[in-house]
Amino acid sequence: MYTSPLRPFRYHFFTIWGNAFAHTDAILDILRREPFLQILRIELVSIRNMTKFISDIYGCDFVPPEHLNAKVKYLFTVKPQAILVFVKNYNPQEMPVGRGAFRKLQCQYINQIKINIRNQYNPRHPDKSFRIHPLHRGVSHDHVIHSSDSEEQVDYFLKILGHKSGVRYLHGHTGNLPFEKPYYLHTPQTYIYRIIMIERLQALILNDSHGKAVTLTPTSICETPHYKALKYGTDDYTTYLAKFRYTLLTQDYSWKRLKKLNALNIDKIKAFERIIVTKEHDYYKILDGVHRAAVSLNHNLKHVRCVEFC
């Protein structure tokens with residue numbers, strides 16, 4: 001497992017499930033507002049075997065069996081799906097909790113976020129006087145969210161999901177690059193800083209119009225759902241997200257976030273982090289930065305700062 005005492009953050013995950021689906025956007029907004037969290041990946045999973053999934057997710061947790069059974073019992077009665085939210089936590093308040101064989105390391109910051117969300121969105125208990133600490137009175141234990149206690153649990157669960165490198169999958173390979181790079185992009189052997197005309201950029205947009213399989217279609221920035229929504233006030237972008245969010249689009253995208261990006265002043269837009277591109281024939285294919293390109297074009301910029309991966 002990848003660990004380093006020099007890193008200012010730890011990896012964690014939240015699992016939104018059961019009664020939470022009607023509140024997904026609100027719960028994600030809570031996570032987005034947390035000053036020490038950075039959402040890396042949001043993934044919808046369909047659960048074929050709930051017993052196995054629960055066993056996997058709690059596989060390295062130190063919880064008394066009777067407590068675990070009480071916490072997850074209702075999950076066998078709801079839609080077998082979960083949304084997994086992987087984050088960087090820049091406030092790792094780790095301390096030992098529990099006793100004896102059930103003693104474990106737990107991040108108090110992550111745990112408190114989980115408790116706050118449960119207090120808001122767990123179903124109410126029929127008995128208004130019902131209470132099990134640390135939840136408020138009248139709040140049931142049909143939990144809408146679960147969280148990892150430590151990075152070891154994240155490493156374990158990622159491997160269960162098929163990511164053999166565990167937390168290295170989220171860490172990526174930065175190679176000490178002087179610019180931001182998403183975890184899922186490989187580190188280039190070489191790169192070149194460029195100023196590129198927006199009309200020479202193309203985005204790869206998911207397309208299901210063929211009726212058979214989803215394809216990636218090279219699209220000019222002015223034809224992306226991102227730009228059309230900003231420029232003309234259409235629902236192209238929200239429709240696009242509704243089709244692919246949390247399945248093929250696993251980054252933290254939302255219409256609210258795109259509008260917030262577009263509302264920045266022009267100096268901040270000009271100073272956006274460089275758009276990552278690669279050269280394709282007579283144009284540059286965007287690897288990361290379609291939203292920034294769309295906002296830049298919407299503010300009538302002709303050129304954007306890029307870094308070309310070679």
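Keep in mind that the numbers below use all heavy atoms, side chains included, and drop hydrogens, waters and symmetry copies. In this chain, residues are counted from 1 in sequence order.
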To the nearest 0.5 Å, how far apart are [atom1] in [X] and [atom2] in [Y]?
X: Ile113; Y: Leu37; atom1: CD1; atom2: CG; answer: 4.5 Å
X: Leu28; Y: Phe14; atom1: CG; atom2: CZ; answer: 10.5 Å
X: Trp255; Y: Asp236; atom1: CH2; atom2: CG; answer: 9.5 Å
X: Arg200; Y: His303; atom1: CZ; atom2: NE2; answer: 10.0 Å
X: Ser220; Y: Leu297; atom1: OG; atom2: CG; answer: 9.0 Å
X: Met95; Y: Leu105; atom1: CE; atom2: CG; answer: 9.5 Å

What is the minimum heavy-atom distance between [X] and [Y], and which atoms define it?
X: Tyr184; Y: Asp288; answer: OH-OD1, 3.7 Å
X: Ala293; Y: Ile198; answer: O-CD1, 4.3 Å
X: Ser165; Y: Lys159; answer: C-CE, 4.4 Å
X: Tyr121; Y: Ala26; answer: OH-CB, 3.3 Å
X: Gln81; Y: Ser46; answer: NE2-OG, 3.8 Å
X: Gly166; Y: Leu158; answer: O-CD1, 3.3 Å

For this session: Determine the interplanar angle of the His291 and Tyr237 rings, folded into 0 to 90°, and report it as parallel if under 30°, tilted if 30 to 60°, perpendicular if over 60°.
Result: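 Correct class here is perpendicular.
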
Exercise. Relative to the ring of Tyr240, is the ring of Phe244 parallel (under 30°), tilted (30 to 60°) or perpendicular (over 60°)?
Worked result: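 Ring orientation, 0 to 90° scale: perpendicular.
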
Regarding [X] and [Y], does a basic nitrogen lie under 4.0 Å from an acidic carboxylate oxygen?
X: Lys73; Y: Asp142; answer: no
X: Arg292; Y: Glu273; answer: no
X: Asp25; Y: Arg32; answer: no

Problem set entry | Verdict with supporting geometry, Ile27 and Phe21, side-chain contact (heavy atoms from CB on, under 4.5 Å) | CA-CA 9 Å; Ile27 291 172; Phe21 274 82; over 6 Å; no

So do [Y] and [X] actually touch side chain to side chain, heavy atoms under 4.5 Å?
X: Leu216; Y: Asn207; result: no
X: Leu31; Y: Ile39; result: yes
X: Phe130; Y: Arg137; result: no
X: Asn89; Y: Ile110; result: yes
X: His125; Y: Val139; result: no
X: Leu161; Y: Leu84; result: yes
X: Phe272; Y: Val304; result: no
X: Glu152; Y: Asp155; result: no

For this session: Could you walk me through whether Gln108 and Gln106 pass the side-chain hydrogen bond (donor to acceptor under 3.5 Å, both in side chains) test, one step at a time?
Result: CA-CA 6 Å; Gln108 296 305 293; Gln106 183 183 72; 3.0 Å; yes

Between [X] and [Y], is there a shared hydrophobic cluster once you connect ILVMFWY residues whose side-chain heavy atoms come closer than 4.5 Å?
X: Ile117; Y: Ile16; value: yes
X: Met197; Y: Leu201; value: no
X: Leu248; Y: Ile42; value: no
X: Leu287; Y: Ile275; value: no
X: Ile132; Y: Leu135; value: no

Exercise. Hey, mind stepping through Val277 and Arg194 against side-chain contact (heavy atoms from CB on, under 4.5 Å) and telling me if it holds?
Worked result: CA-CA 10 Å; Val277 301; Arg194 294 191 182 278; 6.0 Å; no

For this session: Please check if the distance between the ring centroids of Tyr11 and Phe86 is under 6.0 Å.
Result: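 Not close enough - the centres of the two rings lie 6.0 Å or further apart.
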
For this session: Please check if the distance between the ring centroids of Tyr191 and Phe179 is under 6.0 Å.
Result: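 Yes: the rings meet the under 6.0 Å criterion.
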
Looking at [Y], is its backbone amide N or carbonyl O close enough to the side chain of [X] to form a donor-acceptor pair, meaning the two atoms are under 3.5 Å apart?
X: Ser140; Y: Pro123; answer: yes
X: Gln153; Y: Asp149; answer: yes
X: Ser148; Y: His12; answer: no
X: Arg257; Y: Asp252; answer: yes
X: Ser55; Y: Thr51; answer: no
X: Asn91; Y: Phe36; answer: no

Please tell me whether [X] and [Y] have a donor and an acceptor in their side chains that are separated by less than 3.5 angstrom.
X: Gln120; Y: Asn116; answer: no
X: Lys259; Y: Asn262; answer: no
X: Arg10; Y: Tyr90; answer: no
X: His143; Y: Asn122; answer: yes

Please indicate whether [X] has more than 12 foreign heavy atoms, meaning atoms of other residues, nucleotides or ligands, lying under 6.0 Å from its [atom1].
X: Glu280; atom1: CD; result: yes
X: Lys279; atom1: NZ; result: yes
X: His299; atom1: NE2; result: yes
X: Gln93; atom1: CD; result: yes

Problem set entry | Residues Ile192, Cys310; criterion side-chain contact (heavy atoms from CB on, under 4.5 Å); working and verdict | CA-CA 8 Å; Ile192 305 171; Cys310 305; 3.7 Å; yes

For this session: Using the side-chain hydrogen bond (donor to acceptor under 3.5 Å, both in side chains) rule, take Arg41 and Tyr246 through it: C-alpha gap first, then chi angles, then the decisive distance, then the call.
Result: CA-CA 8 Å; Arg41 180 180 178 85; Tyr246 312 147; over 6 Å; no

Problem set entry | Test side-chain hydrogen bond (donor to acceptor under 3.5 Å, both in side chains) applied to Lys268 and Asn265, step by step | CA-CA 6 Å; Lys268 289 185 177 180; Asn265 67 52; 6.0 Å; no

Problem set entry | Worked verdict on Ser147 versus Thr15 for side-chain contact (heavy atoms from CB on, under 4.5 Å) | CA-CA 6 Å; Ser147 69; Thr15 305; over 6 Å; no

For this session: Check whether NZ of the Lys or CZ of the Arg Arg274 lies under 6.0 Å from the centre of the six-membered ring of Tyr193 and within 45 degrees of that ring's axis.
Result: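 The answer is yes, since Arg274 meets both limits relative to Tyr193.
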
